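From a predicted model like this one, the values you see are computed outputs, not experimental measurements. Remember, it's 1-based here, ligands and their atoms both numbered in the order they're listed.
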Amino acid sequence: MSLTIQATGGACGAVVTGIDLRQTLSEDLVAELRARWVEHKVLIFPEQHLSDHDLERFTLYFGGFGEDPFFAPIKGHEHIAAIQRKADERTSIFAEIFHTDWSFLRVPPAGTVLYGLTIPPHGGDTLFADQVAAYERLPDALRDKADELTAIHSAEFGYAPDGAYGQDDQEAGRSMQILASEKARETCQHPFVRTHRETGDKALYSSPAYIQSFAGLSKAESQALLMEFYAHQTQTDLVYAHKWAPDMLVMWDNRSLLHAATGGYDGYDRLLHRTTIADTAF
Ligand code: SIN
């Protein structure tokens, strides 16, 4: 079996074949995968047949387990969350706004790993938007502004008891096990332009999903700027739309991407298991 890493031809991402993730991976192979991961930002491993233990072992090649503050873990695996929607569910699609995972944490996760178990016959793509390219393509004046901005992040919009995934949503029958809490109102500040520690690339970091405002600007000024950046950050030609298949593992780099879930599969179950890869510093 020889390792092949083929760019998707889209805005980012590469497909990795010739590897069995049930096997122990050598240090050299992990180093090669890590280099290709930060280069392509998304790595896609089709036709794997992984248990939850395999998923955990694979995750730990790339760092410790990240914290998942608002997900209940699946039974017996405290670091795995189920991203799921039932065929008859009528709640909103989870995570449909472009975001990067848990950017409100002081040290957000470097990456996320998602493994497809039950995949609908159509719909349910995951979108990935390249934020290094988004930064590079900013008009000069907006790039100068972005360089100066400090963003104030919080999970309130989604995970506070009155947030999008709060009490009303749970009562509406969301099957995903979300733990909304008052803790979601805490805030944390990060520079809006993030320098990737492994590549040195600058990227726009996070989105209105978690950024509430910019330090020193009013709510109204912040909202206007956030919307202007969001339109730029999610332009179609920066986006790779990933199509899932069962037994496919995808890992992405939260430091250089935004991602978003999509719907279009009402009437079908969708189930993926997810871990996050901890970072060591922002
Ligand atoms: C996520 O943001 O982790 C979910 C992505 C998806 O369901 O496609």
Exercise for review: Check the pair Thr100, Arg255 against side chain to side chain donor-acceptor pair (under 3.5 Å), reporting the backbone distance first and the verdict last.
Suggested key: CA-CA 8 Å; Thr100 185; Arg255 300 161 293 184; over 6 Å; no
Practice item. Please check if the distance between the ring centroids of Phe71 and Phe94 is under 6.0 Å. Key: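 Yes; Phe94 has its ring centre under 6.0 Å from that of Phe71.
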Check your understanding: Can we call the ring centroids of Phe214 and Phe192 under 6.0 Å apart?
Key ->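 Between Phe192 and Phe214, which both carry aromatic rings, the centre distance is below 6.0 Å.
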Point to revise | Where at least one partner belongs to residues 49-59, residue pairs that pass salt bridge (charged side-chain N to carboxylate O under 4.0 Å, His left out), sequence neighbours excluded | key: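 Residue pairs with at least one partner in residues 49-59: Asp54-Arg57.
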Check your understanding: At a 4.0 angstrom heavy-atom cut-off, what protein residues surround ligand 1?
Key ->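 Contacting ligand 1 under 4.0 Å are Ile83, Ala95, His99, Thr126, His259, Ala261, Arg270, Arg274.
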**Study point:** Arg22 side chain to Ser51 side chain, donor-acceptor N/O pair below 3.5 angstrom
**Key:**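 No, no side-chain donor-acceptor pair sits under 3.5 Å.
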Exercise for review: Answer yes if the side chains of Ser175 and Gln84 hold a donor-acceptor pair under 3.5 Å, and no otherwise.
Suggested key: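 There is such a pair between these side chains.
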